[in-house]
Amino acid sequence: MDKLLLLGDEAVAQGALDAGISGAYGYPGTPSTEIFEYVQKSNQAAERNVHRTWSANEKTAMEEALGMSYSGKRCIVTMKHVGLNVAADPFVNSGITGANGGIVVAVADDPSMHSSQNEQDSRHYGNFALVPVFEPSNQQEAYNMMADAFELSEKYKTPVILRLVTRLSHSRSGIIRGEIQKENELHLPDNPMQFMLLPATARVNYKNLIEKQTLLIEEAEKSKYNEYHEGKDKSLGIIACGLGYNYVKENHVEAKCEYPILKICQYPLPKKYITKMVNECDEVLVVEDGMPVVEDWLRGYLNDCHAIHGRLDGTLPRYGELNPKTLRKALNLEPHPIKEMPVIVRGRPPELCKGCPHRDTYNALNEVMEKYGKGHVFSDIGCYTLGFLPPFDAINTCVDMGASISMAVGAADAGLFPSVAVIGDSTFGHSGMTPLLDAVNSKANIVAFILDNGIIAMTGMQDSAVTGKIEDICLGIGVEKEHIHVINPLKSHHEENVKIIQQEIDYNGVSVIIPRRPCIHIAAKLRKKK
Amino acid sequence: MKKDIILAGVGGQGILSIATIIGYAVVQSDLYLKQAEVHGMSQRGGAVESHLRISDKEIHSDLIPHGRSDMIISMEPMEALRYLPYIKNDGWLVTNSNPFVNIPDYPEMDELYKEIETHKHSIIIDGDGIAKDVGSPRSMNMVILGAASPFIALPFSMLEDGIRAVFGRKGEDIVNKNLEALLRGKEFTENHINK
């Protein structure tokens with residue numbers, strides 16, 4: 001069969017389509033976005049009319065997926081690691097309701113924070129919600145795991161996490177496809193209490209969830225994704241999780257590894273293998289990309305059970321992405337000769353594109369804010385976060401999706417004047433509407449900029465849920481009509497824009513300013529459409 | 001056969017097109033391939049890199065280990081130097097000569113070239129000039145790929161097929177200009193080595 005050249009993300013999407021999903025739900029977020037985009041572009045998905053419209057945020061995506069699962073069909077939910085925080089309420093409870101049609105929550109973590117605010121590890125969520133986790137070590141496994149994850153999901157009526165990391169999500173390799181399964185028929189849950197989490201029924205469902213764990217451990221022990229490789233030298237045993245396994249192998253291309261290696265790609269942990277390794281080896285090195293999750297479980301609080309090495313004792317770096325070099329040192333192998341980067345090489349951080357509408361918005365905002373001094377502008381997640389960097393130095397915070405407006409409200413409550421929020425159109429749709437409602441209800445003295453470039457730009461041009469709806473949403477929430485302004489962020493409108501911004505800062509109440517001009521990456525396409 | 005290649009440049013300079021073309025060529029053969037890309041925030045005018053690994057044996061890591069890369073192919077001279085910690089002492093460094101200046105403290109050109117030339121095997125080529133010359137300024141990346149092609153250990157025709165496959169949708173004229181750019185890059189390097 002022909003090989004397909006696919007990103008890890010795309011392999012997940014193809015695997016899900018071949019496993020017979022009826023829907024994909026998600027919100028864009030690097031490095032997960034390409035999973036969903038692949039489903040959107042797929043002819044196979046179009047022919048079957050698989051649901052594939054972006055959701056307003058990860059929470060609604062997870063809940064919509066639960067509805068599809070309730071109805072007996074298979075679906076995938078895609079998001080980045082911090083998106084799982086947004087979806088945490090339905091996700092954690094989905095462990096207790098369990099699944100009817102299979103659900104796989106494909107979450108892409110971002111160790112080293114290439115495009116993220118933190119490097120949280122989604123395996124914690126799996127453990128927290130008592131939900132099994134698959135963690136592929138390569139693209140082919142990512143593809144293969146989808147069919148197995150859906151099967152496990154339906155066999156044990158549990159959602160399953162598929163945990164990716166940036167390097168796998170965004171790395172291409174040849175994939176061989178497997179069997180193509182049919183979609184499930186509509187069928188409601190056999191147990192009418194399954195999705196009912198009233199305290200009395202939730203307690204019953206939670207007991208079931210706990211009881212399932214023994215069986216899930218047995219599944220992990222039988223799993224083809226978890227392997228114990230025997231080794232002669234028992235002075236050290238290596239537990240290698242997901243991508244960490246590749247780095248162990250990479251360092252033994254020239255010389256075979258003499259230590260036993262336990263490859264773990266399916267959780268909960270395969271207890272039988274862990275026990276074997278701890279019993280037969282003097283010391284254990286845990287190699288995992290992301291946080292020291294497995295190491296922490298093994299070590300325990302008292303750390304008096306065994307000599308365990310990893311990120312917590314400094315054998316590997318405590319934070320940041322794993323790579324072959326750092327691991328080589330931990331394996332006591334001879335380092336490769338490495339040249340240094342010449343000192344004349346300067347940093348080159350990302351920047352707002354030439355002609356980007358945000359540039360003009362920040363220029364106007366900066367002019368007005370100059371007299372008030374630094375520290376008044378709360379921002380959010382998107383391209384415009386680059387406004388923190390020179391030459392703009394225009395914003396002061398970036399915490400999570402929607403926090404610009406809520407933090408501006410809190411700061412205004414504390415007496416900060418002016419208190420300004422800067423949020424993008426899609427981020428506003430994701431999590432900005434509810435804080436704007438708080439602002440209106442408490443008559444907070446804020447100016448909220450909703451930067452409307454008509455697209456989700458940072459993640460690569462996905463449709464924004466609020467295009468064409470922003471003014472109506474603001475009016476509906478209760479912002480006064482005369483304090484909602486649409487401005488054109490262009491140099492030629494600079495004076496006029498400065499005047500409007502000043503006027504709204506001077507108004508004591510909630511103002512919304514909507515700088516509207518398409519992202520330059522879609523502007524040409526929009527012109528052609530007209 | 002095993003080639004580990006770092007592709008370097010600034011967001012928007014077309015390193016992903018190069019990766020796609022080599023990727024297309026390799027996946028048609030029996031060789032293994034892994035290609036790690038940078039997506040998301042860094043693509044906005046920042047430094048970008050792609051790790052490209054080709055081998056006739058299974059490839060484990062998506063990342064090339066430090067000190068093990070066989071070559072750096074760079075669209076920009078300062079970016080070429082950023083990835084020196086990856087290259088082997090005798091690896092090839094092939095770079096565009098033209099700077100992409102979007103930072104205030106960009107180093108002096110002379111110093112950059114001097115630094116590049118201290119590396120044992122290097123090619124500095126005016127990719128933008130040659131691309132303009134063939135009437136397709138945006139094909140700079142193909143000139144650089146052409147200049148690197150004698151060291152990639154893939155038949156030149158495979159790269160040409162890759163260009164046809166990747167640019168095919170854009171019409172014959174664009175395909176031909178990119179093929180021309182590729183060839184001109186290759187000729188430059190051949191002349192350079194034979195000197």
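Naming: A, B, ... by sequence-line order, numbering from 1 per chain.
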Heavy-atom count around [X] [atom1] within 6.0 Å, excluding the residue itself: above 12?
X: Glu254(A); atom1: CD; result: yes
X: Asp30(B); atom1: CG; result: no
X: Tyr106(B); atom1: OH; result: yes
X: Arg164(B); atom1: CZ; result: yes
X: Phe151(B); atom1: CZ; result: yes

Tell me, side chain or backbone of [X] under 4.5 Å from chain A's heavy atoms, or both, or neither?
X: Leu31(B); answer: backbone
X: His51(B); answer: neither
X: Phe100(B); answer: both

For the residue pair [X] and [Y], what are the closest heavy atoms and their distance?
X: Lys3(A); Y: Ser29(B); value: NZ-O, 4.2 Å
X: Leu33(B); Y: Ser173(A); value: O-OG, 2.9 Å
X: Lys339(A); Y: Leu84(B); value: CB-O, 3.7 Å
X: Tyr247(A); Y: Leu63(B); value: OH-CD1, 3.5 Å
X: Pro85(B); Y: Ile338(A); value: O-CG2, 3.3 Å

Region of [X] in contact with chain B, defined by heavy-atom distances below 4.5 Å:
X: Val248(A); value: neither
X: Leu327(A); value: neither
X: His521(A); value: side chain

Could you grab the distance from atom [atom1] of [X] to atom [atom2] of [Y], nearest 0.5 Å is fine?
X: Ile59(B); Y: Lys249(A); atom1: CD1; atom2: NZ; result: 14.0 Å
X: Ile344(A); Y: Leu112(B); atom1: CD1; atom2: CG; result: 4.5 Å
X: Leu243(A); Y: His60(B); atom1: CG; atom2: NE2; result: 12.5 Å
X: Leu322(A); Y: Ser61(B); atom1: CG; atom2: OG; result: 9.5 Å

*asked:* side chain to side chain contact (heavy atoms under 4.5 Å, CB included) for Arg348(A) and Arg82(B)? Distances and angles first, verdict last.
replied: CA-CA 10 Å; Arg348(A) 193 188 308 255; Arg82(B) 191 181 304 283; 3.7 Å; yes
*If you count heavy-atom pairs under 4.5 Å with chain B, which of Gly8(A), Pro349(A), Pro390(A), Cys353(A) comes out on top?*
Pro349(A)
State plainly whether the residues [X] and [Y] are in salt-bridge range, i.e. N to O under 4.0 Å.
X: Arg167(A); Y: Glu37(B); value: no
X: Glu79(B); Y: Arg346(A); value: no
X: Arg68(B); Y: Glu250(A); value: no

*Against chain A, work out which of Pro104(B), Gly23(B), Ala36(B), Gly67(B) has the most heavy-atom pairs shorter than 4.5 Å and name it.*
Ala36(B)
*asked:* Between Asn89(B), Leu52(B), Thr118(B), Ile87(B), who has the most heavy-atom pairs with chain A when the cutoff is under 4.5 Å?
replied: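 It is Asn89(B).
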_Validation row: Lys34(B), Gln139(A) side chains within 4.5 angstrom (heavy atoms)_ =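 With C-beta onward as the side chain, the pair touches.
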*Would you say His66(B) and Asn323(A) make side-chain contact, with heavy atoms under 4.5 Å?*
yes
*Using only heavy-atom distances, determine whether the side chains of His336(A) and Lys88(B) contain a donor-acceptor pair under 3.5 Å.*
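No - no donor-acceptor pair under 3.5 Å links their side chains.
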*For side chain to side chain contact (heavy atoms under 4.5 Å, CB included), just list the numbers for Met341(A) and Leu81(B), CA-CA rounded to whole Å, side-chain angles, deciding distance to a tenth of an Å, and then say yes or no.*
CA-CA 6 Å; Met341(A) 185 178 81; Leu81(B) 294 171; 5.7 Å; no
